[in-house]
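Working notes, beginning with the structure itself.
One-based numbering along the sequence shown. In what follows, every heavy atom counts, from backbone to side chain, and hydrogens, waters and symmetry copies are set aside.
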Amino acid sequence: MSIERAILLADVSGSTPLYQRYGDAEASRMVFECVEGMQRIATETGGEFVRSKGDDVLCLFESADQAMAAARGILEQGARGEVSVHAGLHWGTVLWRGEELFGNAVNVAARLGGQAKENEVLMSRELVEHASASETSDLRSMGEITLRGTDAPTEVFAMLAEIEDDEDGVTSFMSQSTVFTARQREHVANTTLRLSFEDWAQDIPEGRELKIGRSTQCDLVMSYAWVSRVHAAISVRGGIVEFKDSSSAGCTLTIGAHPEFFIRRQTVALTGSGVIELGSNAAGDNRPRINFEVTG
């Protein structure tokens with residue numbers, strides 16, 4: 001049976017550090033309570049619980065407003081507790097076969113959730129267009145993003161958790177305008193990051209991500225002993241170029257004429273042009289140097 005529904009796929013963010021910090025018994029209890037709470041919020045707002053696999057929850061809603069109310073409740077739960085969450089929301093046709101749910105709409109919701117950050121829900125324009133104006137007034141447009149497995153870019157909107165006195169400014173971030181002006185849209189669409197390393201070069205357009213590391217699954221493979229399997233990732237999203245280090249050795253960055261600085265397991269915005277070096281000064285002159293230039 002095919003039906004049109006709002007699809008919500010919510011997931012626990014970063015459960016691995018919880019197990020490292022609290023131990024298996026306490027962390028598993030915290031994750032279980034978080035997942036159970038997400039199920040309860042979804043059903044209380046009119047959703048139909050489909051399944052839970054590990055740390056995630058998949059639910060369907062007859063209306064986009066119900067789905068957004070559930071997303072807000074789930075974000076509020078994550079912001080209050082020690083277990084953070086992220087989610088994807090999409091509107092489309094799904095197909096029931098027995099107790100299993102199929103359809104590209106489910107895949108889109110999953111990909112949106114996969115790109116969402118901690119305490120964030122990403123949703124498609126299709127979902128937003130089915131929601132009432134009162135439910136979408138505090139959303140932030142992320143511009144057009146090309147989701148993995150798709151060819152055409154689609155406009156994506158973000159719902160962020162309201163966290164008082166958050167160091168990253170999440171609350172004030174939510175109060176920004178939800179609609180790009182024509183000039184802003186043009187800037188977002190034209191923003192491109194160019195990376196070059198030795199005889200390799202690649203342009204990263206809006207909505208794309210590139211991974212750097214020792215693993216052959218990375219887009220740019222670096223076969224150095226101190227380089228992690230996935231050392232870092234660079235994405236262009238909403239006209240912002242974001243560099244995220246996830247390694248143990250860290251990275252040394254030079255942006256424009258500013259002095260170089262070192263980061264480890266941190267995220268920074270790249271502007272203008274500069275150099276990314278994998279590792280610290282302790283690695284010496286053998287560090288791979290990746291040049292970057294942001295245009296648009």
Side-chain angles (χ1 to χ4, degrees), residues 6-18 31 34-35 37-38 41-42 45 55-59 61 64 67-91 108-128 131 135-148 153-180 188 206-209 233-244 246 265-269:
I7 306 110
L8 170 67
L9 184 61
D11 201 353
V12 170
S13 299
S15 58
T16 299
L18 289 175
V31 170
C34 179
V35 172
M38 291 193 291
I41 292 168
T45 51
D55 298 344
D56 68 21
V57 172
L58 176 63
C59 299
F61 299 82
M68 294 187 69
R72 292 183 200 283
I74 287 171
L75 283 180
E76 183 180 346
Q77 171 189 272
R80 288 199 316 262
E82 293 187 80
V83 182
S84 300
V85 297
H86 60 275
L89 263 178
H90 182 54
W91 180 277
V108 172
R111 287 168 184 141
L112 286 167
Q115 290 210 21
K117 298 179 181 179
E118 182 178 326
N119 293 321
E120 179 183 62
V121 177
L122 292 185
M123 60 195 72
S124 63
R125 167 165 283 282
E126 290 86 347
L127 186 284
V128 173
E135 288 291 337
T136 60
S137 60
D138 63 351
L139 301 181
R140 178 179 184 268
S141 174
M142 304 299 293
E144 292 189 335
I145 294 177
T146 303
L147 298 173
R148 182 169 297 180
T154 183
E155 188 171 12
V156 173
F157 296 80
M159 175 192 293
L160 303 179
E162 294 190 31
I163 305 174
E164 295 297 331
D165 300 324
D166 182 77
E167 291 181 355
D168 294 327
V170 174
T171 301
S172 60
F173 191 57
M174 291 185 66
S175 66
Q176 294 180 7
S177 172
T178 65
V179 180
F180 281 131
V188 168
E206 170 65 31
R208 296 288 188 179
E209 180 184 66
I234 310 177
S235 61
V236 184
R237 185 177 172 190
I240 298 173
V241 178
E242 185 178 270
F243 180 84
K244 180 179 180 180
S246 56
R265 294 176 180 170
Q266 294 172 281
T267 301
V268 298

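- Under the salt bridge (charged side-chain N to carboxylate O under 4.0 Å, His left out) criterion, D11 pairs with no residue at all, not counting sequence neighbours.
- Atom CZ of F157 is separated from atom CZ of R140 by 11.5 Å, given to the nearest 0.5 angstrom.
- Using a cutoff of 4.0 Å between basic side-chain nitrogens and carboxylate oxygens, K244 and E209 are not scored as salt-bridged.
- Applying the salt bridge (charged side-chain N to carboxylate O under 4.0 Å, His left out) rule to E126 yields no partners; only residues at least two apart in sequence or on another chain are considered.
- Summarising the geometry, atom CZ belonging to R265 is positioned 8.0 Å from atom OG belonging to S246; distances are rounded to the nearest 0.5 Å.
- With a 4.5 Å cut-off on side-chain heavy atoms, V236 and E242 do not count as touching.
- Looking at every heavy atom in both residues, G78 comes nearest to N119 through C-OD1, 4.0 Å.
- Taken from CG in L8 to CG in D56, the straight-line distance is 10.5 Å, to the nearest 0.5 Å.
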Full working for side chain to side chain contact (heavy atoms under 4.5 Å, CB included) between M159 and L75: CA-CA 9 Å; M159 175 192 293; L75 283 180; 3.7 Å; yes

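- With respect to R72 and E135, a salt bridge is recorded, a charged nitrogen being found less than 4.0 Å from a carboxylate O.
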Derivation of the side chain to side chain contact (heavy atoms under 4.5 Å, CB included) call for V121 and H86: CA-CA 6 Å; V121 177; H86 60 275; over 6 Å; no

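- By the 4.5 Å heavy-atom criterion applied to side chains, M123 and H90 are not counted as neighbours.
- Residues forming a side chain to side chain donor-acceptor pair (under 3.5 Å) with S235 (at least two apart in sequence, or on another chain): none.
- From F61, atom CZ reaches atom CG of L127 across 10.0 Å, with rounding to the nearest 0.5 Å.
- S124 is listed as a side-chain neighbour of L112, based on a closest heavy-atom distance under 4.5 Å.
- Counting heavy atoms from C-beta on, the side chains of I7 and L89 never come closer than 4.5 Å.
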